[in-house]
Amino acid sequence: MSFEAMWRDLHDVGRSASSGGYFRQPWTSAESELRAWFTEQALARGLDVETDGMGNQVAWWRPSEASGPAVLTGSHLDSVLDGGAYDGPLGVVSALAAVDVLRARGFSPSRPIGVSVFTEEEGSRFGLACLGSRLVTGASTWADARERRDRDGVFLGDAVAAAGLDPSTGLLSLDDVGCFVELHVEQGRDLVDRDVAVGVASEIWPHGRYRFDFEGEANHAGTTRMEDRRDPMLTYAMTALAANKQARLAGQRATFGRIEVAPNGTNAVPSRVTAWLDARCSSDEALAELVDAISRQAGERASRDETSLRVTPESVSGSVAFDPDLARDLAGIGDWPIIPTQAGHDAGILSAAGIPTAMLFVRNPTGISHSPDEHAETADCLAGVDALADTLARLAR
Ligand code: GLV
Ligand code: MN
Ligand code: MN
């Protein structure tokens, strides 16, 4: 099945009729459908499919003459809430299409090639980014992870079991993996500005998610004098402004994209606001400084508002420098530029686990991502498939 046909297959899965965006949260029916689709595509190509106890998958192309450390490629199929079509699936579909291209060229790998799908990459349901690859590499443990709850209070352990999976049956082993290459839609406009369809990643900025719990006092919106209030919404609002200002001053990134308010009534001063800060910086030190500066200003504001504040890191990923020799070698295949990214990826987790890792980016004409408007032109996607096929041929020759 061609790239375009596979892409059409996925069009309706988990898609919102109102926004056109995707809700492909892990261990939901949309994700089960995607996992079944991947299995079907892999089997149709004669690949051996391995599905682990969390739902991570690898489809192996292992001709009898292939031996030695494997070349792993792939990405993820889950999405953020109301996400785009490309973030994740482009890497998986391109990997399957690249296998077809290599076969059509008569290429037979001398090392096994695996097409992988890691689960809960976005951390959209349980708050920990790259959960599947973290568990597989040992960066997180199942004993800790299983206690995490989603927005409805469902434990991760129960969600996985309800999807018919059982982590005690084991997780993927990456012991025989020699290198990993993830193809991904670009989440910025670097390639547009350079007028090229494909790029190679140099590094991932360190980034993290931090929960800010602001507590105040619920009271009547009409009868409580302004000077008598202990309003956590006010503390939160000033914190959001401070985060924006601090990030601008430091040349870094800070976003509050999610809040919960209790009791969330129009005619009451709220008792509690919980807000999540996403912060990303060019170095680990800059990230620590930025989060400190925002937390300090939030704390000062809380004192003035007579509210309280607790800050809890929920998902922190250190800086990742991809293997520079590998990046240079791959960039040489097509004279592709080597560019950094501020987005997190399973490739970062595998790299941090000591696996030589590279990423290929495919041009995104607007740079928009984590939005239904995310896009890549088909011609660029096909250029990405060819680039990935050339890359796999180089690594598995
Ligand atoms: C994942 O795409 C992230 O960067 O949050
Ligand atoms: Mn992604
Ligand atoms: Mn993403």
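Every number for a ligand or one of its atoms is a count from 1 in the order of the listing.
Shown in contact with Gly344 at under 4.0 Å from a heavy atom are these atoms of ligand 1, numbered in order with element: 1 (C), 2 (O), 3 (C), 4 (O).
The ring-ring contact (aromatic ring centres under 6.0 Å, His included) contacts involving residues 308-348 comprise His184-His345, where partners must be two or more places apart or lie in separate chains.
More than 12 heavy-atom neighbours from other residues, nucleotides or ligands sit within 6.0 angstrom of CZ on Arg105.
Residue contacts with ligand 1: His370 is included, with a non-hydrogen atom under 4.0 Å away. Under a 4.0 angstrom heavy-atom cut-off, Arg280 registers as being in contact with ligand 1.
The distance from the Mn ion (ligand 3) to the nearest N/O/S atom of His370 is under 2.8 Å. Among the atoms of Glu122, an N, O or S atom falls under 2.8 Å of the Mn ion (ligand 3).
By the criterion of a heavy-atom distance under 4.0 Å, neither the backbone nor the side chain of His345 is placed next to ligand 1.
The only member of Leu77, Asp78, Thr39 that meets side-chain contact (heavy atoms from CB on, under 4.5 Å) when paired with Leu34 is Leu77.
Nearest non-hydrogen protein atom to atom 1 (C) of ligand 1 is Glu122 OE1, 3.2 Å.
Both tests hold for Arg258 against Trp276: distance to the six-membered ring centre under 6.0 Å, angle to the ring axis within 45°.
Salt bridge annotation for Arg394-Asp390: absent, with no cationic side-chain nitrogen under 4.0 angstrom from a carboxylate oxygen. In summary, Arg211 and Glu314 engage in a salt bridge, as defined by a charged side-chain N under 4.0 Å from a carboxylate O. Arg35 has a carboxylate O that lies under 4.0 Å from a charged side-chain N of Glu31, or vice versa, which qualifies the two as a salt bridge.
Polar contact with ligand 1: absent for Ala343 (N/O pair, distance under 3.5 Å).
Considering just the N/O/S atoms of Asp87, the one nearest the Mn ion (ligand 3) carries the name OD2. His76 contributes NE2 as its N, O or S atom closest to the Mn ion (ligand 2).
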